[in-house]
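The structure under discussion appears below in the form of structure tokens.
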Protein chains: 2
Amino acid sequence: MQRLTPQEEQCARDLLETVPIVMRMIRKQVRKHGASTLSVPQFRTLSFVNRRKGASLSEVADHIGLTLPSMSGLVDGLVTHGYITRKTQQEDRRKMNLMLTERGEKMLHVAREGAVTELSERLKRIQPNERATILRAMRILGEVFPEEKL
Amino acid sequence: MQRLTPQEEQCARDLLETVPIVMRMIRKQVRKHGASTLSVPQFRTLSFVNRRKGASLSEVADHIGLTLPSMSGLVDGLVTHGYITRKTQQEDRRKMNLMLTERGEKMLHVAREGAVTELSERLKRIQPNERATILRAMRILGEVFPEEKL
DNA sequence: TATTGTTATACTCTATAACTATA
DNA sequence: TATAGTTATAGAGTATAACAATA
């Protein structure tokens, strides 16, 4: 653990201050458009399963960054709401096969597009070069924190 | 609700994808250094009360962006852990006066500096101009989402 | 009557420990 | 024995509705 430059430190402090605020905004939008029934982790789970159809529980837990029991419970909720199906794999009967239902696909789409639209409305207020800065920052952060990636 | 430019939309999608990842990292660091007893909302609450000593419950709830009952419960936990004191105001006996205890001040300091240090370590891996981009982005985002501000 | 705060209730998030079933 | 997943348990986050106390 080496000495920190002021810039490194200030950058960290700003992240610590700003990210939770943006997170709260995102949570609000996802809930609003997810008919009040989707949390952010549920939303991210649907999103992942949509891209990796048939993923196992462990795979999803890894990518979302939850423990297996936590993910198991989270998926319980998604199954109960009819957004996901959970079937035992034939090749290895210890593993699950997760798939979105039609209802789940619809909900994911509605929640995502709703949240994107509202966030975009906010982002209209700033200048194009400012949006470009945010975009670049998100790409950089995505590389700095890769193991926690969606 | 007007038509979105591709840039506005892409910026929103990137926020939606990246912010939860960074948030998870922050949560992990705060917990790690907060001796596993501080959540991010609790951390933010301590931080706010530290700056606005004697704040009322409503003031804190407003600034953190929680409902009164939620904040009441959150503060319950902080009082139980001995990080905060809660006293009725003399001028208006409906209101509370929240203050950090010495223990609370110490915990806030340890949690914040620990999280900042670890985040900074990550940020060492990138170039100074990339850190500058992140810093600028955080400042811009802080202005775009002002009502939810810390 | 309006404001401040708490209690009751009910979800979700999240973890650890203990367990079951399969390989 | 090792892996995949569930169940049990527990504390925190969060909201709405109903309530008490104060102004």
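Note that this is a predicted model, so its numbers are computed, not measured. Chain A is the first sequence line, chain B the second, and so forth, proteins listed ahead of strands; every chain is numbered from 1.
The phosphate of dG5(C) has neither OP1 nor OP2 within less than 4.0 Å of any side-chain N or O from R86(B). Between H81(A) and dC11(C), a side-chain N or O to OP1/OP2 separation shorter than 4.0 Å is absent.
As judged by a 4.0 angstrom heavy-atom cut-off over every strand, M71(B) is placed among residues making no nucleic acid contact. Residue L68(A) is classed as a base contact, given a heavy-atom separation below 4.0 Å to a base.
Rounded to whole Å, the distance from CZ on R31(A) to P on dT16(D) is 10 Å. If you take CG of D76(B) and P of dA8(C), they are 12 Å apart, rounded to a whole angstrom. Distance L38(B) CG to dT14(C) P: 17 Å, rounded to the nearest Å. Taking atom NZ of residue K95(B) and atom P of nucleotide dA2(C), one finds them 17 Å apart after rounding to whole Å. The CZ atom of R44(B) sits 18 Å away from the P atom of dA12(D) (whole-angstrom rounding). The separation between D62(A) atom CG and dG5(D) atom P is 10 Å, rounded to whole Å. Atom-to-atom, CE of M96(B) to P of dT7(C) comes out at 10 Å; the value is rounded to the nearest Å. If you take CG of N97(A) and C1' of dA4(D), they are 13 Å apart, rounded to a whole angstrom.
Checking dG5(D), dG5(C), dA15(D) against the side-chain heavy atoms of L66(B) singles out dA15(D) as nearest. Residue P69(A) places its side chain closer to dA8(D) than to any other of dA8(D), dG5(D), dA12(D). Nearest to the side chain of S58(B), among dA12(D), dG5(C), dT14(D), sits dG5(C). Side chain of S70(A), nearest nucleotide from dT14(C), dG5(C), dG5(D): dT14(C).
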Expected rows: protein N/O vs nucleotides 21-23 of chain D N/O, under 3.5 Å:
unit_1  : atom_1 : unit_2 : atom_2 : d
dT22(D) : OP1    : R93(B) : NH2    : 3.3
dA23(D) : OP1    : R93(B) : N      : 2.9

N/O donor-acceptor pairs under 3.5 Å from side chains in residues 52-60 of chain B, not counting sequence neighbours:
unit_1 : atom_1 : unit_2 : atom_2 : d
K53(B) : NZ     : N50(B) : O      : 2.8
S56(B) : OG     : E59(B) : N      : 3.2
E59(B) : OE1    : S56(B) : N      : 2.9

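Within the structure, side-chain hydrogen bond (donor to acceptor under 3.5 Å, both in side chains) contacts touching residues 127-136 of chain A (residues at least two apart or in different chains) are R131(A)-Q7(B).
E113(B) and R13(A) are joined by a salt bridge, as a carboxylate oxygen and a charged side-chain nitrogen come within less than 4.0 angstrom of each other. Salt bridge present: E118(A) and K32(A) bring a charged side-chain N and a carboxylate O closer than 4.0 Å.
No chain of hydrophobic side-chain contacts below 4.5 Å, direct or via other Ile, Leu, Val, Met, Phe, Trp or Tyr residues, connects I140(B) to L135(A). Taken together through direct or relayed side-chain contacts under 4.5 Å among Ile, Leu, Val, Met, Phe, Trp and Tyr, F145(A) and M23(A) form part of one hydrophobic cluster. Hydrophobic clustering, with ILVMFWY side chains joined whenever heavy atoms are under 4.5 angstrom apart, groups I26(A) together with I126(A).
One cannot find a donor-acceptor pair under 3.5 Å joining the base of dA15(C) and the side-chain atoms of T67(A).
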